Structure formats: structure tokens, C-alpha cells
Amino acid sequence: MRLNGEISDWEEEEEEENRESENNMQAFPQQQKLVVGYALTLKKKKSFLQPKFERLARNKGILLVAIDLNRPLSEQGPFDIILHKLLGKEWCEIIEDYKKKHPEVTVLDPPDAIRHLHNRQSMLQDVADLNFSDCHGKVGVPRQMVIANNPLSIPDEVTKAGLRMPLVAKPLVVDGSTESHELFLAYDQFSLSELEPPLVLQEFVNHGGVLFKIYIVGDAITVVRRFSLPNISKCELAKVAGVNRFPRVSSAAASADDADLDPDVAELPPRPMLEKLARELRCRLGLRLFNIDMIREYGTRDVFYVIDINYFPGYGKMPDYERIFTDFLLSFAQSKCKKKSTTQLVEFNIHCT
């Protein structure tokens with residue numbers, strides 16, 4: 001199951017981890033509840049499989065087993081759950097084929113659903129289609145357009161689309177690289193031709209320099225504040241020109257949870273609204289592990305915009321992620337036990353009649 005050299009840079013570490021996983025499977029007590037096979041990039045393993053999480057998982061009866069990418073997946077396991085975040089057509093085909101042959105195994109999450117979030121045009125379409133509004137607030141997406149090629153045509157296309165400056169430019173494809181999470185802020189139309197398609201252009205919405213990162217783990221929701229781009233006044237827009245490049249603006253180092261913020265800016269989105277939105281998106285996206293980047297329009301209390309959605313985000317930065325994630329994994333074992341008990345009861349009743 002070697003994936004055409006895609007992971008050659010960490011194969012040696014992978015082999016050592018696989019040997020350790022095999023030993024763990026042999027030594028793990030018989031009463032273990034859940035076997036979770038994982039296939040993650042080296043970066044994701046370092047951020048997600050932290051010692052505290054691994055200890056808690058082990059204490060709760062969860063066995064974490066590294067999937068050997070150099071062996072057929074069908075020869076490994078048995079697994080109750082497969083947790084993965086690898087890119088590539090070949091890996092997706094392997095997982096989809098495995099799921100067909102082992103429908104009893106939970107795959108987090110389906111490759112088809114994950115691919116939906118690899119394109120910034122499609123990732124926000126489900127939010128736009130929701131036309132979400134309730135007594136707690138309204139949630140939409142900023143006006144946006146896709147530029148497929150020819151940067152010289154961007155100013156004219158923006159004019160035709162009626163988008164207002166300034167504009168946020170993001171790479172169209174999200175491939176897990178640092179570059180795919182960079183963004184650019186264009187202050188005037190003439191500078192737009194400096195950008196490199198394919199990309200998405202979004203109208204910039206003033207939001208007080210604070211972004212809400214909403215982590216979804218099954219039914220659990222955790223919200224944290226992150227510093228974001230500051231407001232841009234009309235006066236500033238008239239004086240400034242050009243394109244500014246920004247790295248990933250919502251990193252853990254930019255946490256705003258303990259900052260002295262304007263209460264109107266810092267107030268978290270209403271919990272009932274988030275629960276309803278998360279429920280709708282879980283259903284529409286077909287995902288259980290994702291996060292939403294949300295902003296509140298400055299000067300309002302109940303107008304929100306979703307500006308990004310990410311699959312299997314950096315949960316290691318989420319408060320109390322160890323407990324939340326282990327409880328999430330255990331919920332699958334509990335669900336299987338209930339189904340098994342119900343099936344046995346039905347069979348018993350049929351036999352008795």
C-alpha cells in the first residue's frame with residue numbers, strides 16, 4: 001500500500017511506530033473497548049497525538065494503532081474506527097474500498113465528504129444554501145467569486161461582479177500546505193492583477209479584529225477567540241493601495257481569549273445558534289470532525305459570516321481536547337453495544353414466540 005513516495009520523508013519513523021503499535025496490540029488487555037487505526041501526516045501526528053491524549057485514551061480503553069502505509073490495509077487490524085487525514089487519490093481509493101468490504105468499521109471521515117472542503121468555492125456553498133437565520137442571529141458568507149486564470153482580467157471581472165474593495169484573496173485549493181492557508185488583502189482594483197490564480201476573492205467584512213474558531217467533534221462544540229485582521233475605515237481605504245500578504249492569521253499564538261477586548265467584539269456567538277448551525281452542517285457536509293472560522297460584522301450583535309471550514313483542524317490547540325475527543329471515540333463503542341443488545345433482544349423475542 002505504498003502511496004507512490006508521498007510519505008517517504010517519514011517512512012523510517014512510520015516503521016518504528018508500526019512495530020510499537022503491533023506490540024501494543026499484543027500486550028493490550030482483552031477487555032479493551034476500542035481499536036482506532038490512524039493514518040496521519042507527520043505534522044498532524046505531532047500536534048494531535050500528544051502524550052496526555054495518548055495516556056487518557058489508554059486509560060479509557062482506547063488502543064491507538066498506526067496504520068502501516070506499506071502494507072495492504074485489509075491485512076491490518078481489526079479496527080473499530082479509522083481516523084485519517086492524508087491527501088491523494090490513491091489513499092482515498094484505498095479507504096473507500098476498505099469501507100465497502102468492512103461496513104462495520106467507522107471511517108472518520110468519508111473521503112468524498114472531505115474533498116468537498118478542499119475547494120474554497122464548494123466549502124462555503126452549503127452555508128450559503130442554508131440561508132441561516134433564527135432568533136439568535138443570521139449566518140451567511142461574504143460575497144465572493146472565483147478567478148480561475150489570467151490575473152490581468154481580475155479588475156474587470158471584479159467590476160462586473162460588483163464586489164466592493166477591499167478584497168481578501170485566498171488560494172482556491174486547500175491542500176494542507178502553509179501556502180494554502182495564506183491570504184492577501186487587496187486595497188484597490190488595479191493591484192488585483194498582482195495576484196496569482198486560481199483563487200477566491202471575498203469581500204472584506206470589518207469584524208473588530210477578532211475571529212471565532214468553532215471546533216466540531218461529533219456533537220461537541222468548543223469556541224475560542226483568535227486575533228484577526230483589523231478593521232479598515234473608508235478613510236484608510238482611500239489612502240492605501242496595493243496588496244498585503246498575511247500568513248495564517250488564526251494560529252494558536254494569536255489567541256485572543258485572555259485579551260482585554262471590547263465586550264461587544266469579544267462576546268461569543270449565541271450557543272443555540274451554533275448548535276443549530278453545527279447540526280445542519282454535519283448533515284450537509286457528511287463530516288463529524290471540522291472547524292468553522294466565523295466573524296461578527298462590526299457594529300452588530302447578530303450578523304455573522306462563515307469565512308472558512310477546515311477538516312480535522314488542529315485539535316491540539318483546542319481546550320480540553322483530550323477529554324472531548326476520547327469521549328467522542330468512546331461514543332461509537334457505546335453505540336455499537338446498544339445496537340448489539342437491541343439485535344440480541346429482537347432475536348430472543350423471535351425465538352421465544
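Not measured: the values here are computed from a predicted model.
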Next on the checklist: If the condition is ring pair (Phe, Tyr, Trp, His ring centres under 6.0 Å), which residues does Phe204 pass it with, not counting sequence neighbours?
Outcome noted: His207
Item to check | Arg225 (side chain) donor-acceptor with Ala266 (main chain) under 3.5 angstrom | outcome: yes
Checklist entry - Can you check whether Tyr38 and Phe48 have ring centres sitting under 6.0 Å from each other? => result no
Item to check | Cationic N near anionic O, under 4.0 Å, Arg323 to Asp320 | outcome: yes
Checklist entry - Between Asp80 and Lys33, is the closest basic N to carboxylate O distance under 4.0 Å? => result no
Checklist entry - Looking just at side-chain N and O atoms, do His116 and Asp126 make a donor-acceptor pair shorter than 3.5 Å? => result yes
Next on the checklist: Could you tell me if the side chain of Ile82 sits less than 4.5 Å from the side chain of Leu108, heavy atoms only?
Outcome noted: no
Next on the checklist: Between Asn310 (side chain only) and Pro313 (backbone N and O only), is there a donor and an acceptor less than 3.5 Å apart?
Outcome noted: no
Checklist entry - In chain order, what residues pass the side-chain hydrogen bond (donor to acceptor under 3.5 Å, both in side chains) check against Arg296, with sequence neighbours excluded? => result none
Checklist entry - Can you tell me if CZ on Arg301 sees more than 12 non-hydrogen neighbours from other groups inside 6.0 Å? => result no
Next on the checklist: If we ignore hydrogens and angles and just use 3.5 Å, is the side chain of Asn206 paired with the main-chain N or O of Ile232 as donor and acceptor?
Outcome noted: yes
Checklist entry - Would Asp219 and Arg279 count as a salt bridge (charged side-chain N to carboxylate O under 4.0 Å, His left out) if you check the C-alpha gap in whole Å, the side-chain angles of each, and the deciding distance to 0.1 Å? => result CA-CA 8 Å; Asp219 294 331; Arg279 187 164 57 246; over 6 Å; no
Next on the checklist: If the condition is side-chain hydrogen bond (donor to acceptor under 3.5 Å, both in side chains), which residues does Arg164 pass it with, not counting sequence neighbours?
Outcome noted: none
Checklist entry - With a 4.0 Å cut-off, would you call Lys60 and Asp327 a salt bridge? => result yes
Next on the checklist: Run the side-chain contact (heavy atoms from CB on, under 4.5 Å) test against Gln50 and tell me which residues pass, sequence neighbours left out.
Outcome noted: Tyr321
Checklist outcome for this item: Quick note, side-chain hydrogen bond (donor to acceptor under 3.5 Å, both in side chains) partners involving residues 145-156, not counting sequence neighbours, are Ser153-Glu157
Checklist entry - Of all residues at least two apart in sequence or in a different chain, which pass the side-chain contact (heavy atoms from CB on, under 4.5 Å) check with Pro319? => result Thr222, Val224
Checklist entry - Hey, does the side chain of Arg71 reach the backbone of Glu75 with a donor-acceptor pair shorter than 3.5 angstrom? => result yes
Item to check | Phe290 ring center near Phe312 ring center (under 6.0 Å) | outcome: no
Contacts under 3.5 angstrom, residues 130-140 side chains, donor-acceptor by atom type, not counting sequence neighbours:
from: Asp134; atom 1: OD1; to: His136; atom 2: N; distance (Å): 2.8
from: Asp134; atom 1: OD1; to: Gly137; atom 2: N; distance (Å): 3.1

Checklist entry - For Glu196, which residues count as a side-chain contact (heavy atoms from CB on, under 4.5 Å) partner, sequence neighbours excluded? => result none
Next on the checklist: Asp262: which residues meet the side-chain hydrogen bond (donor to acceptor under 3.5 Å, both in side chains) condition with it, sequence neighbours left out?
Outcome noted: none
Checklist outcome for this item: Across all chains, not counting sequence neighbours, the ring pair (Phe, Tyr, Trp, His ring centres under 6.0 Å) partners of Tyr311 are none
Next on the checklist: Which residue in the set Leu34, Leu64, Ile62 passes side-chain contact (heavy atoms from CB on, under 4.5 Å) when paired with Ile81?
Outcome noted: Leu34
Item to check | Heavy-atom check, side chain of Lys213 versus side chain of Ile292, under 4.5 Å | outcome: no
Checklist entry - Can you list the residues that meet the side-chain hydrogen bond (donor to acceptor under 3.5 Å, both in side chains) rule with Glu203, with sequence neighbours excluded? => result Arg143
Next on the checklist: Quick one: does any side-chain atom of Lys99 pair with a main-chain N or O of Pro103 as donor and acceptor, under 3.5 Å?
Outcome noted: yes
Next on the checklist: Restricting to ring pair (Phe, Tyr, Trp, His ring centres under 6.0 Å), what partner residues turn up for His102, sequence neighbours left out?
Outcome noted: Tyr98
Checklist entry - Quick one: are Phe184 and Glu182 in side-chain contact, heavy atoms under 4.5 Å? => result yes
Item to check | Glu275/Arg271 salt bridge by N-O under 4.0 Å criterion | outcome: yes
Checklist entry - Is a side-chain N or O of Arg226 found less than 3.5 angstrom from the main chain of Val210, in a donor-acceptor match? => result no
Checklist entry - Do any N or O atoms from the side chain of Asp97 and from the backbone of Glu93 form a donor-acceptor pair under 3.5 angstrom? => result no
Item to check | Asn291 and Asp293: side chain donor to acceptor below 3.5 Å | outcome: yes
